[in-house]
Amino acid sequence: MKACVGKLSFDATEIVGDEQRLMVNPPCPTSCRYGPLAKIEPVVGAHQYSEGDLREGRIIARLFVRSGETGYRKLALVPGYITYWWVQKDATGRGGRSIFISEAMVRNTLVSMSKRLQVDLDPPGSFQRAVARWYWLEQDETTKGTCGAATCK
C-alpha cells in the first residue's frame, strides 16, 4: 500500500476538498443524524488520468476522520488511519467499482469496503484541477470526485 501511495500527492486546499459530518442511520429525514467529522482530499492531477489509467484502476482521493471521532465502517474510515479511494472503470466507461482501503489492519488484512462505481461524463475541459467531495443523498452518504474527464460517485 505504501509503495502505491508514496508517489501520490494529495491536495489539502480547502476549496478542492471537503470536510463535514457524515450521515449515520439513514434514510433521511426519518432517522438520519450527523456522525463523525471527516475530510476528503483529491489526488493532485486525478483530473488528468486517462481512460486507460482508470480501467487499470487509480487512487483518486484520501479520506480520514478527525481525531477524537468515531469510525465510519461503510467507507472503511478507522480513527487514526488514512483511507484511500481507489476506482476502476469498466469497459463502458460509465460504471465499475470503488474500493475504500484503509491503512488499518485487522487480523493481518487491510480494512476495506467495496461499492459500485457510478461515472458521470463531463464535457472536456470541465476540470482544471481535481476535486473531491462528500455526497449526501437521502438514502446514504458517499463520495464524489474527479476521475479523468468525469465525475465518479
Student: Within the structure provided, determine whether Leu117 and Lys115 are in side-chain contact (heavy-atom separation under 4.5 Å).
Tutor: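 The answer is no, as the side chains (C-beta and beyond) never meet within the 4.5 Å cut-off.
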Student: Would you give the length of the straight line joining atom CZ of Arg116 to atom OG1 of Thr142, rounded to the nearest 0.5 angstrom?
Tutor: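 That separation rounds to 11.5 Å.
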Student: Just by distance, with hydrogens left out, do Ser98 and Trp85 show a side-chain donor and acceptor under 3.5 Å apart?
Tutor: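 Indeed, the side chains of Ser98 and Trp85 share at least one donor-acceptor pair under 3.5 Å.
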Student: Between atom CD of Glu56 and atom CD of Glu51, what is the distance when rounded to the nearest 0.5 Å?
Tutor: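 Here the rounded value is 12.0 Å.
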Student: Tell me, with the steps shown, if Val78 and Thr83 meet side chain to side chain contact (heavy atoms under 4.5 Å, CB included).
Tutor: CA-CA 8 Å; Val78 178; Thr83 296; 5.7 Å; no
Student: Are any non-hydrogen side-chain atoms of Thr70 and Val65 less than 4.5 angstrom apart?
Tutor: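 No, side chains not in contact.
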Student: Grab the two heavy atoms, one from Lys144 and one from Tyr135, that are nearest each other, plus how far apart they are.
Tutor: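 So the minimum-distance heavy-atom pair works out to CD-CD1, 3.8 Å.
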Student: Quick one: are Ile82 and Tyr84 in side-chain contact, heavy atoms under 4.5 Å?
Tutor: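 Yes, their side chains come closer than 4.5 Å.
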Student: Say whether, by atom type as modelled, one donor and one acceptor occur between the side chain of Arg133 and the main chain of Gly17 under 3.5 angstrom.
Tutor: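 Between the backbone of Gly17 and the side chain of Arg133 there is a qualifying donor-acceptor contact (under 3.5 Å).
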Student: Write down the atom of Cys152, the atom of Val119, and the distance for their closest heavy-atom approach.
Tutor: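 Distance-wise, the nearest heavy atoms are SG-CG2, 4.1 Å.
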Student: Look at the side chain of Asp90 and the backbone N and O of Gly93, then say whether any donor-acceptor pair between them is shorter than 3.5 Å.
Tutor: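 Answer holds: yes.
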Student: Could you check whether any side-chain N or O of Tyr81 sits under 3.5 Å from a backbone N or O of Phe64, counting only pairs where one atom can act as donor and the other as acceptor?
Tutor: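 No: the side chain of Tyr81 does not pair with the backbone of Phe64.
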Student: Say whether Val44 and Ile40 are linked into one hydrophobic cluster, either directly or through other cluster members, by side-chain heavy-atom distances under 4.5 angstrom.
Tutor: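 No: no chain of side-chain contacts under 4.5 Å links Val44 to Ile40.
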Student: Looking only at heavy atoms, what is the nearest atom pair of Ile101 and Ser112, with distance?
Tutor: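 Taking Ile101 first and Ser112 second, the nearest heavy atoms are CA-CB, 4.2 Å.
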Student: Can you check whether Asn25 reaches Cys32 side chain to side chain, under 4.5 Å on heavy atoms?
Tutor: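 No, every pair of side-chain atoms sits at 4.5 Å or beyond.
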Student: Under the criterion side chain to side chain contact (heavy atoms under 4.5 Å, CB included), I'd like the reasoning laid out for Thr13 against Arg129: C-alpha separation, chi angles, the key distance, then a yes or no.
Tutor: CA-CA 11 Å; Thr13 309; Arg129 193 169 176 179; 3.2 Å; yes
Student: Using modelled atom types only, decide if a donor and an acceptor are shared between the side chain of Trp134 and the backbone of Ala38 within a distance under 3.5 Å.
Tutor: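 Judged by distance alone, yes, a pair lies under 3.5 Å.
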Student: Can you tell me how far the NZ atom of Lys39 sits from the CG atom of Leu22, to the nearest 0.5 Å?
Tutor: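 Here the interatomic distance stands at 12.5 Å.
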Student: List the atom of Val43, the atom of Ala61, and the distance in Å for their closest heavy-atom pair.
Tutor: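 Minimum heavy-atom contact is CG2-N, 3.7 Å.
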Student: Decide side chain to side chain contact (heavy atoms under 4.5 Å, CB included) for Glu19 and Arg66; before the verdict, give the C-alpha distance in whole Å, the side-chain angles of both, and the deciding distance to 0.1 Å.
Tutor: CA-CA 9 Å; Glu19 183 173 26; Arg66 289 296 188 180; 2.4 Å; yes
Student: Between the side chains of Tyr72 and Glu141, does any donor sit under 3.5 Å from an acceptor?
Tutor: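 Looking only at side-chain atoms, Glu141 and Tyr72 do not form any donor-acceptor pair under 3.5 Å.
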Student: Is Lys74 paired with Asp140 through a side-chain N to carboxylate O contact shorter than 4.0 Å?
Tutor: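 Result for this pair is yes, salt bridge flagged.
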Student: Write down the atom of Glu41, the atom of Ala12, and the distance for their closest heavy-atom approach.
Tutor: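 That would be OE2-CB, 3.4 Å.
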Student: How long is the gap from CZ on Arg58 to OH on Tyr49, to the nearest 0.5 Å?
Tutor: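 These two atoms lie 6.5 Å from each other.
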Student: Apply side chain to side chain contact (heavy atoms under 4.5 Å, CB included) to Val131 and list each qualifying residue two or more places apart in sequence or on a separate chain.
Tutor: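 Counting only residues at least two positions away or on another chain, Val131 forms a side chain to side chain contact (heavy atoms under 4.5 Å, CB included) with Val16, Phe127, Thr146.
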Student: Ignoring hydrogens and angles, tell me if any N or O in the side chain of Thr30 forms a donor-acceptor pair with the backbone of Pro27 under 3.5 Å.
Tutor: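 Yes; judged by distance alone, with no hydrogens or angles, the pair exists.
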Student: Which atom pair, heavy atoms only, marks the closest approach of Ala104 to Ser102?
Tutor: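 The answer is N-OG, 2.9 Å.
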Student: For the SG atom of Cys147 and the CD atom of Gln88, what is their distance to the nearest 0.5 Å?
Tutor: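 One finds 12.5 Å between SG of Cys147 and CD of Gln88.
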Student: Sequence neighbours excluded, which residues qualify as ring-ring contact (aromatic ring centres under 6.0 Å, His included) partners of Tyr34?
Tutor: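 Partners of Tyr34 under the ring-ring contact (aromatic ring centres under 6.0 Å, His included) test: Trp136.
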Student: First locate atom CD1 of Ile59, then atom CZ of Phe10, and finally report the distance between them rounded to the nearest 0.5 Å.
Tutor: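 Those atoms lie 6.0 Å apart.
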Student: Start with the C-alpha distance between Lys89 and Arg94, add both sets of side-chain angles, then the distance that settles side chain to side chain contact (heavy atoms under 4.5 Å, CB included), and finish with yes or no.
Tutor: CA-CA 7 Å; Lys89 285 186 178 182; Arg94 300 298 301 246; over 6 Å; no
Student: Checking side-chain polar atoms at under 3.5 Å, does Arg55 have a donor or acceptor matched by the opposite partner on Ser50?
Tutor: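 Result is no, nothing qualifies.
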Student: Regarding Lys153 and Asp120, does a basic nitrogen lie under 4.0 Å from an acidic carboxylate oxygen?
Tutor: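 Salt bridge between Lys153 and Asp120, a charged N being under 4.0 Å from a carboxylate O: yes.
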